[in-house]
Student: 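Sharing a structure below in structure tokens format, with a few things to ask.
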Amino acid sequence: MKYRIWSKKSECYTHEPCYPGSSLHCASNYYLDSDGNLVDFVTSIGGNQDDATKSDVNQEDYIIEKCTGFKATNGEYLYEGDIVEMPLGIKTTIGRVVYEHFGFMIYERTGGVLQFVQRQYNYLGNYNKNKEILNKPVKSDNGPVGGH
């Protein structure tokens, strides 16, 4: 399972350079245990991975976002929390990817809920970093859809 971890306190992902979990001497390596809980294995830089120290993590300080397995038009994988734009008939809609009831959904900013299926998704940003994207104007016509 592919996932990413958002730190509520640092307001960035644990794999990003802005995350303060690593130093010149040690590195934090976050994993999910068999119960789905976040665990931090701290290792010394250049040290043996077998000598890692398990550190407790306050689960409430982090959000684990699952990968959908689908890629956006820019080639990047889509995760929970990503904001996407997609054609929907004669209009374009914007929504946030969520994982609920054992499946991925798109929560449209207008309140609708769509099943997440393979289609052309344009990645617009991430909800944790750019909530204001959900206020972006949408296109009302995607060109001819058939008819006369």
Side-chain angles (χ1 to χ4, degrees), residues 1-24 26-43 45 49 52 54-148:
M1 171 177 44
K2 192 174 176 108
Y3 57 90
R4 64 184 180 194
I5 305 163
W6 174 258
S7 169
K8 294 177 187 177
K9 287 184 175 182
S10 300
E11 295 187 345
C12 69
Y13 289 97
T14 58
H15 66 273
E16 294 179 320
C18 62
Y19 184 71
S22 297
S23 70
L24 294 175
C26 66
S28 287
N29 300 290
Y30 293 95
Y31 300 98
L32 295 179
D33 66 13
S34 59
D35 295 324
N37 295 313
L38 192 58
V39 178
D40 183 10
F41 286 96
V42 180
T43 58
I45 301 294
Q49 294 290 332
K54 183 177 175 181
S55 178
D56 289 328
V57 174
N58 183 351
Q59 304 298 311
E60 297 299 315
D61 292 342
Y62 298 90
I63 299 172
I64 299 165
E65 298 174 337
K66 296 170 190 64
C67 180
T68 65
F70 293 107
K71 291 184 178 181
T73 54
N74 68 357
E76 296 289 324
Y77 279 104
L78 292 170
Y79 289 82
E80 287 181 89
D82 285 343
I83 300 171
V84 295
E85 178 183 59
M86 64 191 154
L88 192 62
I90 60 170
K91 69 176 187 138
T92 299
T93 189
I94 293 176
R96 182 169 49 111
V97 178
V98 296
Y99 184 81
E100 191 173 85
H101 305 294
F102 307 106
F104 290 99
M105 311 294 257
I106 302 285
Y107 278 19
E108 289 183 287
R109 66 180 179 178
T110 58
V113 180
L114 303 170
Q115 183 178 7
F116 190 91
V117 294
Q118 188 165 359
R119 65 170 65 215
Q120 293 293 315
Y121 295 102
N122 294 320
Y123 173 82
L124 299 178
N126 179 271
Y127 184 77
N128 293 316
K129 293 182 175 187
N130 309 100
K131 292 176 177 72
E132 69 279 358
I133 294 173
L134 290 174
N135 298 323
K136 179 184 172 194
V138 294
K139 301 176 211 165
S140 60
D141 182 8
N142 286 322
V145 182
H148 301 292

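Residues: numbered from 1 along the sequence shown.
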Student: Measure across Leu78 and Ala72 and return the closest heavy-atom pair with its distance rounded to 0.1 Å.
Tutor: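 Nearest pair, atom of Leu78 first, then Ala72: CD2-CB, 3.8 Å.
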Student: Hey, could you give me the CG/OH distance between Leu38 and Tyr62, rounded to the nearest 0.5 Å?
Tutor: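 With rounding to 0.5 Å, CG (Leu38) is 7.0 Å from OH (Tyr62).
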Student: Measure across Ser10 and Ser7 and return the closest heavy-atom pair with its distance rounded to 0.1 Å.
Tutor: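 Closest heavy-atom pair between Ser10 and Ser7: N-OG, 3.1 Å.
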Student: Write down the atom of Arg109, the atom of Ile133, and the distance for their closest heavy-atom approach.
Tutor: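 Taking Arg109 first and Ile133 second, the nearest heavy atoms are NH1-O, 4.4 Å.
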Student: Is a side-chain donor or acceptor of Asn126 paired with a backbone partner of Asn128 at a separation under 3.5 angstrom?
Tutor: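 Between the backbone of Asn128 and the side chain of Asn126 there is a qualifying donor-acceptor contact (under 3.5 Å).
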Student: Determine, step by step, whether Val84 and Leu124 satisfy the side chain to side chain contact (heavy atoms under 4.5 Å, CB included) criterion, reporting the C-alpha distance in whole Å, the side-chain angles of both residues, the deciding distance to 0.1 Å, and the verdict.
Tutor: CA-CA 5 Å; Val84 295; Leu124 299 178; 5.9 Å; no
Student: Rounded at 0.5 Å granularity, tell me how far CD1 in Ile5 sits from CG in Asp61.
Tutor: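 Answer for the CD1-CG pair, Ile5 versus Asp61, is 12.5 Å.
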Student: Going through the checks in order, is the side chain to side chain contact (heavy atoms under 4.5 Å, CB included) test met by Glu11 and Trp6?
Tutor: CA-CA 7 Å; Glu11 295 187 345; Trp6 174 258; 4.1 Å; yes
Student: Among all residues two or more places apart in sequence or in another chain, which pass the side chain to side chain contact (heavy atoms under 4.5 Å, CB included) test with Val113?
Tutor: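 Residues passing side chain to side chain contact (heavy atoms under 4.5 Å, CB included) with Val113: Met105, Tyr107.
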Student: Sequence neighbours excluded, which residues qualify as side-chain hydrogen bond (donor to acceptor under 3.5 Å, both in side chains) partners of Lys71?
Tutor: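 Testing Lys71 for side-chain hydrogen bond (donor to acceptor under 3.5 Å, both in side chains), a comparison that skips the adjacent residues, returns none.
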Student: Can you check side chain to side chain contact (heavy atoms under 4.5 Å, CB included) on Ile64 and Leu32, steps first, answer last?
Tutor: CA-CA 9 Å; Ile64 299 165; Leu32 295 179; 3.1 Å; yes
Student: What's the spacing between Ile63 CD1 and Tyr127 OH if we round to 0.5 Å?
Tutor: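 With rounding to 0.5 Å, CD1 (Ile63) is 10.0 Å from OH (Tyr127).
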Student: With sequence neighbours excluded, tell me which residues meet salt bridge (charged side-chain N to carboxylate O under 4.0 Å, His left out) with Lys8.
Tutor: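 Counting only residues at least two positions away or on another chain, Lys8 forms no salt bridge (charged side-chain N to carboxylate O under 4.0 Å, His left out).
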Student: In chain order, what residues pass the side-chain hydrogen bond (donor to acceptor under 3.5 Å, both in side chains) check against Gln59, with sequence neighbours excluded?
Tutor: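 By the side-chain hydrogen bond (donor to acceptor under 3.5 Å, both in side chains) rule, Gln59 matches no residue at all.
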Student: Give me the one residue out of Glu65, Glu100, Arg96 that meets side chain to side chain contact (heavy atoms under 4.5 Å, CB included) with Glu80.
Tutor: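 The passing option is Glu65.
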Student: Is the NZ or CZ atom of Lys66 both under 6.0 Å from the centre of the six-membered ring of Tyr99 and within 45° of that ring's axis?
Tutor: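 Checked: cation-pi criterion met.
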Student: Donor-acceptor pair, distance only, cut-off 3.5 Å: does the side chain of Asn58 make one with the backbone of Glu60?
Tutor: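 Confirmed, Asn58 side chain pairs with Glu60 backbone.
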Student: At what distance, to the nearest 0.5 angstrom, does NZ of Lys91 lie from CE of Met86?
Tutor: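 That separation rounds to 8.5 Å.
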Student: Let me see the working for Glu108 and Thr93 under side-chain hydrogen bond (donor to acceptor under 3.5 Å, both in side chains), right down to the final yes or no.
Tutor: CA-CA 7 Å; Glu108 289 183 287; Thr93 189; 2.4 Å; yes
Student: Between the side chains of Asp82 and Arg4, is the shortest nitrogen-to-carboxylate-oxygen separation below 4.0 Å, so that they form an ion pair?
Tutor: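 A salt bridge links Arg4 with Asp82.
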Student: If you count the non-hydrogen atoms of other residues, nucleotides and ligands that lie under 6.0 Å from NE2 in His101, is the total more than 12?
Tutor: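 Atom NE2 in His101 is not crowded, with 12 or fewer foreign heavy atoms closer than 6.0 Å.
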Student: If you round to the nearest 0.5 Å, how far is CG of Leu88 from CD1 of Ile94?
Tutor: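 Here the rounded value is 12.0 Å.
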Student: Under the side chain to side chain contact (heavy atoms under 4.5 Å, CB included) criterion, do Arg119 and Leu114 qualify, and how do the steps go?
Tutor: CA-CA 12 Å; Arg119 65 170 65 215; Leu114 303 170; over 6 Å; no
Student: For the atom pair CD (Gln120) and OG1 (Thr73), what is the distance rounded to the nearest 0.5 Å?
Tutor: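 Gln120 atom CD to Thr73 atom OG1 measures 6.5 Å (nearest 0.5 Å).
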Student: Sequence neighbours excluded, which residues qualify as salt bridge (charged side-chain N to carboxylate O under 4.0 Å, His left out) partners of Lys2?
Tutor: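 With neighbours one apart ignored, the set is empty.
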Student: Any side-chain heavy atom of Phe104 within less than 4.5 Å of one from Gln115?
Tutor: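 Side-chain contact under 4.5 Å: no.
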Student: By the ring-ring contact (aromatic ring centres under 6.0 Å, His included) test, which pairs, at least two apart or in different chains, include something from residues 64-98?
Tutor: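 Only Phe70-Phe116 qualify under ring-ring contact (aromatic ring centres under 6.0 Å, His included).
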